[in-house]
Amino acid sequence: MTSETKTDRGPAEFEAAASQGPQSVAEFDDHHQSIGQKIQHTLHQTPSLVPLIVLLLSVLIFGLLLGSKFFSPFAMTLILQQVQIVGIVAAAQSIVILTAGIDLSVGAIMVLSSVVMGQFTFRYGLPVEVAIAAGLICGTICGYINGFLVAVVKLPPFIVTLGMWQIVLATNFLYSANETIRSQDISEQAPLLQFFGNKVAIGGAIFTYGVIFMVLLVLVLAYVLRQTAWGRHVYAIGDDPEAAQLSGVQVKKVQISVYMLSGLICAFAGWAMIGRIGSVSPTTGQLANIESITAVVIGGISLFGGRGSILGTLFGALIVGVFTLGLRLLGADAQWTYLLIGLLIIAAVAVDQWIRKVSV
């Protein structure tokens, strides 16, 4: 038999063998999942679901206890106004934690940026628009320094931002001479600094521009993180930076951009804080770093990075606001708020650990 005959018979034999083989499509064994496993998988796929459920239950419980006093438009919008600064700073904290980092300097950057805006306007007599731009640039530069030290020098984010927190805090007090710029002076000479404190009526509720900015910021970041290559790179770095590097992600550039964006958002929070309190104070907002981490953790973003939704961060901030206002209206001691928030933080971390077992 020649080689040509073998070649000619090859396809025919192959077709004959294929026709005699099994025609069914390959299937994998369907392992039955328990209800707990299904819930676990659902929560893993939708990380903002847990804080949303907690938020709705909190509103329902306090609504039943307080009735119309809690469900009034005034109370609902008051919660939003109270959490607007924490919500904006928590958005900045979220993108950093998604990369498995942390930023302890967010509160100090926020305050310094607001002080720069006030000092450039009243000490140097610059146009308020220039002063605001200088404050935004100041926050971005602080973020760049954090990002450079973390991404290029390879220092731990906790140590870098802890040191930056102290440096920025000291700079804030030295530069401002610990002086407050009064609300009356701002409203007369530079009302643009109080822009985010202006109110707008929507239906029966009254919102500030700071609240609107917070909601829009979260929605924009949620879209960017889920629908753009940069956002996917942020999650990839948080999940496994070495694997992200091997897959072509420019890890250093993305990390620096994350900290710069965080600094810029904190500067906007500083501008919003002026509108919220009316004045420029170097002593206000010092606990924003702790409050932002609280909102992020309760909101379901994993401190280990790579998992979570920034919408959950907004829900986390609102949960704190609901508990604070609800307990205040009930006449409870303020310490009960800290106690319950502490329990929520521990519970949120425990739930995160339970959910993460799905991906192991």
### Message
Apply side-chain contact (heavy atoms from CB on, under 4.5 Å) to residues Thr284 and Ile277 and explain how you reach the verdict.
### Response
CA-CA 9 Å; Thr284 304; Ile277 66 176; 3.9 Å; yes
So do [Y] and [X] actually touch side chain to side chain, heavy atoms under 4.5 Å?
{"X": "Val50", "Y": "Ile53", "answer": "no"}
{"X": "Thr140", "Y": "Tyr259", "answer": "no"}
{"X": "Phe70", "Y": "Val59", "answer": "yes"}
{"X": "Val280", "Y": "Met117", "answer": "no"}
{"X": "Ile212", "Y": "Val200", "answer": "yes"}
{"X": "Leu340", "Y": "Leu327", "answer": "yes"}
{"X": "Arg276", "Y": "Gln82", "answer": "yes"}
{"X": "Phe207", "Y": "Gln81", "answer": "no"}

Least distance between heavy atoms, [X] atom then [Y] atom:
{"X": "Gly87", "Y": "Met214", "result": "CA-SD, 3.8 Å"}
{"X": "Leu311", "Y": "Ala222", "result": "CG-CB, 4.3 Å"}
{"X": "Thr121", "Y": "Ala190", "result": "CG2-CB, 3.8 Å"}
{"X": "Ser94", "Y": "Val296", "result": "OG-CG2, 3.5 Å"}

### Query
Checking side chain to side chain contact (heavy atoms under 4.5 Å, CB included) against Ile298, which of Leu318, Val54, Val320 comes through?
Val320
## Note on the structure
From the list Leu314, Ile310, Thr313, side chain to side chain contact (heavy atoms under 4.5 Å, CB included) partner of Leu221 resolves to Ile310
### Task
Would you indicate whether Gln184, at its atom CD, is surrounded by more than 12 heavy atoms from other residues, nucleotides or ligands within a distance under 6.0 Å?
yes
### Message
Can you confirm whether Gln166 is buried at CD, in the sense that more than 12 heavy atoms of other residues, nucleotides or ligands lie under 6.0 Å from that atom?
### Response
yes
Connected via hydrophobic side-chain network under 4.5 Å: [X] and [Y]:
{"X": "Ile137", "Y": "Ile109", "result": "no"}
{"X": "Leu56", "Y": "Val215", "result": "yes"}
{"X": "Leu193", "Y": "Tyr124", "result": "yes"}

Could you tell me if [Y] and [X] have a donor-acceptor pair between their side chains, going purely by distance under 3.5 Å?
{"X": "Asn178", "Y": "Thr283", "result": "no"}
{"X": "Thr324", "Y": "Thr337", "result": "no"}
{"X": "Ser279", "Y": "Ser281", "result": "no"}

### All salt bridge (charged side-chain N to carboxylate O under 4.0 Å, His left out) counterparts of Arg182, not counting sequence neighbours
Asp185
### Query
When you measure from the side chain of Asn289 to the backbone N and O of Val106, does any donor-acceptor pair fall under 3.5 Å?
no
### N/O donor-acceptor pair under 3.5 Å between Gln286 side chain and Pro282 backbone
yes
### Task
Carefully, step by step, assess Ile274 and Ile186 under the rule side-chain contact (heavy atoms from CB on, under 4.5 Å).
CA-CA 9 Å; Ile274 298 175; Ile186 295 176; 4.2 Å; yes
#### Entry: Arg307 and Ile301: CA distance, side-chain angles, deciding distance, side-chain contact (heavy atoms from CB on, under 4.5 Å) verdict
CA-CA 6 Å; Arg307 198 190 72 81; Ile301 291 183; over 6 Å; no
To the nearest 0.5 Å, tell me how far [X] [atom1] sits from [Y] [atom2].
{"X": "Met76", "Y": "Ile206", "atom1": "CE", "atom2": "CD1", "value": "15.0 Å"}
{"X": "Ile265", "Y": "Leu217", "atom1": "CD1", "atom2": "CG", "value": "5.0 Å"}
{"X": "Leu104", "Y": "Ile290", "atom1": "CG", "atom2": "CD1", "value": "6.5 Å"}

### Task
Can you tell me which residue pairs pass the ring-ring contact (aromatic ring centres under 6.0 Å, His included) test with a partner in residues 264-298, sequence neighbours excluded?
Phe196-Trp271, Phe213-Phe268
### Sequence neighbours excluded - ring-ring contact (aromatic ring centres under 6.0 Å, His included) pairs with any residue from residues 138-190
none
### Query
Do Arg328's NZ or CZ and the ring of Phe323 fall within the cation-pi criteria of under 6.0 Å and 45°?
no
### Task
Tell me whether the centres of the aromatic rings in Phe62 and Phe71 are closer together than 6.0 Å.
no
